[in-house]
Amino acid sequence: MPRRYWLLKSDPETFSFEDLKFSPRRTTCWDGVRNPQARNYLRDEIRVGDGVLFYHSQSDPPAAVGTARVVRSGYPDPAQFDRGSGSHDPDSDPAEPRWYAVDIRLEREFTRPVTLGEMRCTPRLAGMELLRRGSRLSVQPVRSEEWATVLKLASRRASPAR
DNA sequence: GCCAACGTTGGC
DNA sequence: GCCAACGTTGGC
């Protein structure tokens, strides 16, 4: 199966690309996802080697800031069984875990962020899940053309400041 | 801080 | 199974 691509959303207040950069081996467990559809992607579809667009939500401006690679495919999210964790789920049965996580490793930090506004203005990205009205999913599939387009934007020099 | 868009919960 | 109420996400 060819390599696939995903967009992972994170509020940088919670976990930023910078945090990933300073994680051991620049690798982190992508845990805490508590949406069934996003869980399905994590559990069933995301494979080792897949590409990840790292996106900062709730930031000013919201933007894709770099890429990562999946280094471990779906496994039960340990946080769901951790009473001390904010992501603890008392209703999840260890025999049939409700939530899943993957591990990702930093691959490339963009020399400049690709902002949401810029993506909206890019015709080739018009079909992106991220740009859909009301799109809230924190794990989203990204088409290979979209991946290539975002990377191209990232390596383009920023337009001169006004 | 506001609000639209969803998802979840729970009464019936 | 419906749906109102409520909670959360996330752009602006």
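In what follows, every chain begins at residue 1, and chains take the letters A, B, ... in the order their sequences are listed. Every value quoted in this text rests on a predicted model; they were computed, and no experiment measured them.
Atom-to-atom distance recorded for A:Leu153:CG and A:Thr122:OG1 is 4.5 Å, nearest 0.5 angstrom. For the atom pair A:Lys9 NZ and A:Leu130 CG, the distance stands at 6.0 Å (nearest 0.5 Å).
Following rounding to the nearest Å, A:Gln58 (CD) and B:dC3 (P) show an atom-to-atom distance of 17 Å. In this entry the distance linking CD of A:Gln37 with P of B:dG7 reads 8 Å, nearest Å. At whole-Å resolution of the value, CH2 in A:Trp99 and C1' in B:dT8 are 11 Å apart. Rounded to whole Å, atom C1' of C:dG11 lies 8 Å from atom CZ of A:Arg120. Between A:Asp60 atom CG and C:dG11 atom P the separation is 11 Å, expressed in whole Å. One atom, CG of A:Asp91, and another, C1' of B:dG10, lie 15 Å apart when rounded to the nearest Å. B:dG7 atom P lies 18 Å from atom CG of A:Asp89, rounded to whole Å. With rounding to whole Å, A:Asn35 atom CG is found 12 Å from B:dT9 atom P.
Residue contacts for A:Arg34: at a heavy-atom cut-off of 4.0 Å it reaches no nucleic acid atom on any strand shown. Here A:Pro61 lies out of heavy-atom contact (under 4.0 Å) with every strand.
Relative to the side chain of A:Arg136, the nucleotides C:dT8, B:dT8, C:dG11 differ in distance, and C:dT8 lies closest.
A close approach under 4.0 Å does occur between a side-chain nitrogen or oxygen of A:Lys9 and OP1 or OP2 of C:dG10. Of the side-chain N and O atoms in A:Tyr55, none sit less than 4.0 angstrom from OP1 or OP2 of C:dT9.
For A:Asp31, there are no side-chain hydrogen bond (donor to acceptor under 3.5 Å, both in side chains) partners at least two apart in sequence or on another chain.
A:Leu137 approaches A:Gln140 most closely through the heavy-atom pair O-NE2, 3.0 Å.
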